[in-house]
Amino acid sequence: MSGPRRAERFEPAEVEPRWTAAWEEAGVGHADPSSDRPPYTIAIPPPNVTGALHIGHALNNTIQDVLIRAHRMAGFETFWICGTDHAGIATQAVVEKALAAEGIRREDLGREEFVRRVWEWKEEYGGRIIDQLKRLGCTLDYARERFTMDDAYVAAVLEVFVALHAKGYISRDRYIVNWDPGLGSAISDLEVEDREVTDTLVRIAYPLADGSGEVVVATVRPETMLGDTAVAVNPGDERYRHLIGRTAILPLVGRELPILGDEHVDPEFGTGALKITPAHDPNDFEIARRHDLPAVGVIGEDGRMTPEAGKRYAALTPAEAADRVMADLREQGLVRGEEPYTHTVPFSHRSGARVEPLVSLQWFCDMSRLAAPAIAAVEEGRVRFHPAKWGDVYLAWMREIRPWCISRQLWWGHQLPVWYRGEETYVGREAPDGDGWERDPDVLDTWFSSALWPFATLGWPERTPELERFYPTQVLSTARDIIFLWVARMVMMGIEFTREEPFADVAIHAVVQAPDGRRMSKSLGTGIDPMDEIERHGADALRFGLLMMSSTQDVRFSRERIDQGRQLVTKLWNAVRLVVERGGRAGAGPVEPASLADRWIASRVADAVERGAGHLDRFELAQLADLVYHVVFDEYCDWYLELLKAGEASPEMAGAALEQLLALAHPLMPFVTEEGWSRLPGATGLMAVHTAPRTPGPRDEAAEAEMAAVQEAVTALRGYRSRRGLPPRAPLLMDPAPHLAVVALDWVEAAPEGEREGLVPTLLGDGRSIGVGPAREAVDPEVERARLADELAAAESELARAEAKLGNAAFVERAPAHLVDAEREKVERYGAERDSLAARLAALQ
RNA sequence: GGGCGCUUAGCUCAGUUGGGAGAGCACCAGCUCGACAAGCUGGGGGUCACUGGUUCGAGCCCAGUAGCGCCCACCA
């Protein structure tokens, strides 16, 4: 008594880790600078050292692994640079949070001890994402893992800072910056996001000094009036022109404010008179520079009112100060109106706090001269974006580039190579000689060090073998959200310090959103953990699904795509089992086709290989995934393997075609293809380094046309069988030789005389017969009548359509001849079919 | 205020140079057949957002409209 036969199932959880280990052991990802193969390098966008793999990482790294694996198999010496980023703010925040759980503040520890704790944290938890990348199947060069705070990397960062300072690009300035009160640090323009907020727009009367009246200003930040140093009006504004040059008195403070004219003021807005607070508004800051006005800082870096705001307000929060100012103004009868006002307000991307613009002493990098060659690089095509439109976005930003505030008031990061002693300032990697020098406590913006990633990871400024051999890199793959933050800055720094563009192609991929269209984020609870998906269906399925989703636009996460990947994995696996069972082999070299089916599949595989290479060249990975799916599923499995089972194809060709398909699919689904390869007799070595030439064979148009006829016929017969309710077990055999299929169906006798022609016109076109056997089912005349009526209606509709087209003289005259001929052919064919169907229907009545 | 993108089946999305609209999931019907029930076969389902234009012919090209999304700019 034997139970049902059990298929050997593909178990990703068992299979995948095994191959990850095998690839690592074989050094698949390890680059050899002395190799004579052409280099192909990608620098991974370094994930945050404390981070975990999210969907965006999974997609981005799948894309990179596809590119790397495909080029490795194509004979390149591939180097996928591996590493993590110290991610100053994010990492510091994570560690601070952990310390807070123990009731410790970083100030309690002091800087040195705190930084030591961060390093401890990094050693303990820093490798998690690297392990996750291995689980995803990524063949990075793990042995050369880099970190943006490695000694060599730090040296590169300091070298760059010193060099840029020497050229006069980096300097220290007192300037209005985006102050993040939550972080206690300045942040750059790119780390600020606008949010809509409804505030109250209040109108405040400022009395004129000569007692002749008042000027009314409008503001949403009444507490900033304490720092006003002028009132501005538009010089063309008739209402106020006479006030220019006169003086107003700042209420509550008593300061004299010059009234001046400036084109920036919009007469239409508010009252048309603008209070000028140079220390707390970027526009006011500019106006103040133009008119040489002093700045009075009333909000401090601690986020509270300063002594300069006056005793009554000092140490309050700005919100408290606003209330008190309003109360005091009301008391003095100086409030002239209040209305709700909705506008955009800057918030910190980092801490979420409302950004407080304030004047602060910071280090800035002038980007204008760095930008010029980086603009030319894209304009002249040495750096190409895919899709190309992102190049325009890059250029638009670069052409309007502004100074970059690079200093951060944090503890974790690259401390500035700047020393002070009294009034002296020294910039250099080592402290200068002499006593009393103190190092600037600030650190650099994380993106400053990230900007050096493609060459600092290769040992620059040393001329290492890796740098000589693998720089510049070929491709940079990322989502669009860091084009400015990172991509643009890498191009600038790469050109400045290596005289070469750091990469030639920038592949911009989709941003994966939550299934409901919201942003995927842990805090919103909309995140999807890729490791869960791997657990569910395996890394291959996840990789495939993500690639299918990665068309050029933003896309919602769809688990169905991962299911589709799982289907393909299963299909491929079972195809291997069947081919092995039928005696198929790998590595047999060119196989002589033994049948129409063989010729057909060889041609279809050649087509897929060729189109796949094109998709890869154009970074169209979603199309590549779709192509692989269809050639494997629809062509190889649905048709070719069915023909193999029917004895219409040869095991030799089945093995050869499978070898090519496994190689084609391997970069997308490395695990199942590697496992399948290992099961195929004759297969040697790892599929991951399978470099057998995959130049596409010749297409066989004749075989494709004949096979199309067979497919059409078989599909028609299956449809007929199903509509007639005949048993699906009824055999359906094909003999493709020499030119067409002869179909034998033992139920065909049930079809009325004459119907067979309409059923399989392709087959009977040159007189071949259908083999017949005993009828198994009686046909219900009612059902049959209805079916014939439907088919008659369809034929008539087709006929009418073709006749209408041919009735259009312009069509006959101007359309290509083959299309016109096709319509003429249809008129004949459907005319005959209509007549035949009508006759049969009449016979049934 | 400027720029970019999107709108195709119930859902998520493909759709090459303009020549009879596709996939996965979902749905209906039938199938445990010696690769595969994580499966197979057949089927139903679409005003390609809307309006106009170009063309013999438009999902595709052009103009406009509406809705949604993103980026940049940052009139207090």
Side-chain angles (χ1 to χ4, degrees), chain A residues 4-5 7-10 189 192 194 201 217-221 224 232 264-277 281-284 341 343-346 389-390 392-393 396-397 400 480-481 483-484 511 513 515 517 537 541 545 548-549 551-567 569-582 611 614-615 618 620 622-623 626 629-630 633-634 637-638 641-642 644-645 715 718-723 725-729 731-732 798 801 805 808-816 818-820 822 826:
Chain A
R5 217 174 69 98
E8 185 192 354
R9 305 213 327 186
F10 185 77
D189 295 339
V192 171
D194 285 342
L201 184 68
V217 299
T219 182
V220 293
R221 304 280 315 267
T224 64
H264 168 78
V265 180
D266 177 5
E268 303 293 315
F269 189 87
T271 63
L274 175 64
K275 63 190 271 301
I276 303 297
T277 320
D281 183 282
N283 292 308
D284 293 5
Y341 177 62
H343 62 148
T344 58
V345 170
K389 66 176 176 181
W390 295 111
D392 297 333
V393 174
W397 183 76
E400 300 291 325
R480 58 162 194 279
D481 52 351
I483 290 175
F484 308 144
V511 173
Q513 302 167 329
H537 292 311
M548 284 295 281
M549 289 177 227
S551 48
T552 55
Q553 57 178 314
D554 292 356
V555 71
R556 297 180 184 201
F557 182 83
S558 132
R559 199 155 269 139
E560 288 73 27
R561 290 294 175 207
I562 297 175
D563 291 345
Q564 196 178 347
R566 185 218 62 218
Q567 284 186 317
V569 168
T570 305
K571 204 66 176 172
L572 223 29
W573 170 243
N574 284 301
V576 170
R577 292 178 57 229
L578 176 66
V579 171
V580 169
E581 186 183 299
R582 299 292 167 130
R611 285 190 297 140
H615 287 316
R618 295 187 295 274
E620 299 166 346
Q623 288 90 329
D626 192 64
Y629 181 88
H630 283 107
F633 232 99
D634 300 350
C637 293
D638 282 2
L641 290 185
E642 290 305 317
L644 177 70
K645 287 196 285 189
T715 303
R718 282 176 181 159
Y720 178 81
R721 183 169 60 185
S722 177
R723 282 192 303 276
L726 294 165
R729 298 291 301 275
L732 196 100
E798 288 296 329
R801 188 176 178 279
K805 274 203 161 184
N808 179 351
F811 174 75
V812 176
E813 198 177 322
R814 300 201 186 179
H818 72 276
L819 292 170
V820 178
K826 280 184 203 170

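To find a chain, count down the sequence lines: A is the first, B the second, and so on, and within it residues start at 1. Below, each value reflects all heavy atoms present in this structure, side chains not excepted, and no hydrogens, waters or symmetry copies.
As judged by a 4.0 angstrom heavy-atom cut-off over every strand, A:P515 is placed among residues making no nucleic acid contact. A:E620 comes within 4.0 angstrom of no nucleic acid atom, judged by non-hydrogen atoms across all strands. Within 4.0 Å of A:D194, counting heavy atoms only, lies at least one base atom of the nucleic acid. Within the nucleic acid shown, A:E813 has no heavy atom closer than 4.0 Å to any nucleic acid atom. Among the protein residues, A:D392 comes within range of no part of the nucleic acid, since none of its heavy atoms lies under 4.0 Å from any strand. A:R582 comes within contact range of the sugar-phosphate backbone alone, with a heavy-atom separation under 4.0 Å but no base atom that close. Residue A:N808 is in sugar-phosphate contact alone, with no base atom involved, counting any heavy-atom pair closer than 4.0 Å across all strands shown. Nucleic acid contact class of A:R801 (heavy atoms, under 4.0 Å, all strands): base. Within the nucleic acid shown, A:E268 has no heavy atom closer than 4.0 Å to any nucleic acid atom. If you check every strand for non-hydrogen atoms under 4.0 Å, A:V555 touches sugar and phosphate atoms only. Residue A:H343 is classed as a sugar-phosphate contact, given heavy-atom separations below 4.0 Å to backbone atoms only. Nucleic acid contact for A:T219: sugar-phosphate only, since backbone atoms but no base atoms lie under 4.0 Å from a heavy atom of the residue.
Taking atom CH2 of A:W390 as the reference point, atom P of B:C4 lies 12 Å away to the nearest angstrom. As rounded to whole Å, 10 Å separates atom P of B:G24 from atom CG of A:D638. When rounded to the nearest whole Å, the span between CG of A:D563 and P of B:C13 equals 16 Å. Protein atom CG of A:D554 is 11 Å distant from nucleotide atom C1' of B:C4, rounded to whole Å. The NE2 atom of A:H264 sits 16 Å away from the P atom of B:A73 (whole-angstrom rounding). For the pair A:E642 CD and B:G42 C1', the interatomic distance rounds to 15 Å; values are reported in whole Å. Between the C1' atom of B:C74 and the CZ atom of A:F269 lies a distance of 13 Å, rounded to the nearest Å. Computed from coordinates, the A:D481 CG to B:G69 P distance equals 18 Å when rounded to whole Å.
With B:G19, B:C25, B:A35 as the candidates, the nucleotide lying closest to the side chain of A:A815 is B:G19. Side-chain atoms of A:F484 lie closest to B:C72 of the nucleotides B:C72, B:C74, B:G20. The A:L578 side chain lies nearest to B:A35 when the options are B:A73, B:A38, B:A35.
Both A:K805 and A:R561 sit near RNA chain B, but only A:K805 has its closest nucleotide nearer the 5' end. Where A:G270 and A:F10 meet RNA chain B, the nucleotide closest to each residue was compared, and A:F10 sits on the side nearer the 5' end.
Rounded to whole Å, the separation between the P atoms of B:G59 and B:A76 comes to 46 Å. The gap from the C1' atom of B:C60 to that of B:G15 amounts to 9 Å, rounded to the nearest Å. Of the P atoms belonging to B:U16 and B:A73, the separation is 34 Å, rounded to the nearest Å. For the C1' atoms, the distance from B:A63 to B:G24 is 36 Å, rounded to whole Å. Taking atom C1' in both B:C40 and B:U8, the straight-line distance is 29 Å, to the nearest Å. Taking atom C1' in both B:G67 and B:C31, one finds a spacing of 46 Å when rounded to whole Å. Nucleotides B:G46 and B:G3 place their C1' atoms 33 Å apart, quoted to the nearest Å. As rounded to the nearest Å, B:A38 and B:G43 have P atoms that lie 24 Å from one another.
When both distances must be under 3.5 Å, the Watson-Crick or G-U wobble mate of B:U41 is B:A29. The partner of B:G24 is B:C11, judged by Watson-Crick or G-U wobble contacts that both fall below 3.5 Å. The partner of B:C75 is absent, by the rule that a Watson-Crick or G-U pair needs both atom distances under 3.5 Å. Partner assigned to B:G18 is none, using Watson-Crick or G-U wobble distances below 3.5 angstrom. Pairing partner, B:C68: B:G5, with both Watson-Crick or wobble hydrogen-bond distances short of 3.5 Å.
Side-chain nitrogen and oxygen atoms of A:Q513 include none within less than 4.0 Å of the OP1 or OP2 phosphate oxygen of B:U12. Distances shown here put a side-chain N or O of A:K645 below 4.0 Å from the OP1 or OP2 atom of B:A35. Contact check, A:R559 against B:C13: no side-chain N or O comes under 4.0 Å of OP1 or OP2. In this model, the phosphate group of B:A23 is not approached by any side-chain N or O of A:Q567 to a distance below 4.0 Å at OP1 or OP2. Remark: A:Y341 is in phosphate contact with B:A76, judged by side-chain N or O atoms under 4.0 Å from OP1 or OP2. Of the side-chain N and O atoms in A:Q564, none sit less than 4.0 angstrom from OP1 or OP2 of B:A23. Contact check, A:R556 against B:U12: a side-chain N or O comes under 4.0 Å of OP1 or OP2. Proximity of A:R9 to the phosphate of B:A38: a side-chain N or O atom is located under 4.0 Å from OP1 or OP2.
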Applying side chain to side chain contact (heavy atoms under 4.5 Å, CB included) to A:R9 and A:T570, what does each step give before you reach the verdict? CA-CA 8 Å; A:R9 305 213 327 186; A:T570 305; over 6 Å; no
Can you check side chain to side chain contact (heavy atoms under 4.5 Å, CB included) on A:D554 and A:R480, steps first, answer last? CA-CA 10 Å; A:D554 292 356; A:R480 58 162 194 279; 2.6 Å; yes
In sequence, state the C-alpha distance, the side-chain angles, and the governing distance for A:F484 and A:V393, and then conclude on side chain to side chain contact (heavy atoms under 4.5 Å, CB included). CA-CA 9 Å; A:F484 308 144; A:V393 174; 3.6 Å; yes
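Under 4.0 Å is where a charged nitrogen must lie from a carboxylate oxygen, and between A:K645 and A:E642 at least one such pair does. The pair A:K275-A:D281 fails the salt-bridge criterion, with no side-chain N (NZ, NE, NH1 or NH2) lying under 4.0 Å from an Asp/Glu carboxylate O.
Taking OH of A:Y629 as the start and NZ of A:K571 as the end, the distance is 9.0 Å to the nearest 0.5 Å. The CG atom of A:L641 lies 9.5 Å from the CZ atom of A:R582; values are rounded to the nearest 0.5 Å. Atoms CZ and CZ, on A:R566 and A:R561 in that order, are 13.5 Å from each other to the nearest 0.5 Å. The CG atom of A:D284 sits 7.0 Å away from the NE2 atom of A:H264 when rounded to the nearest 0.5 Å.
Taking the six-membered ring where tryptophan is involved, the planes of A:Y341 and A:H343 are tilted, since the angle between them lies from 30° to 60°.
For a distance-only test at 3.5 Å, the side chain of A:K389 fails to qualify as a donor-acceptor partner of the base of B:C4. Judged by atom type and distance alone, A:E798 reaches the base of B:G20 through a side-chain donor-acceptor pair under 3.5 Å.
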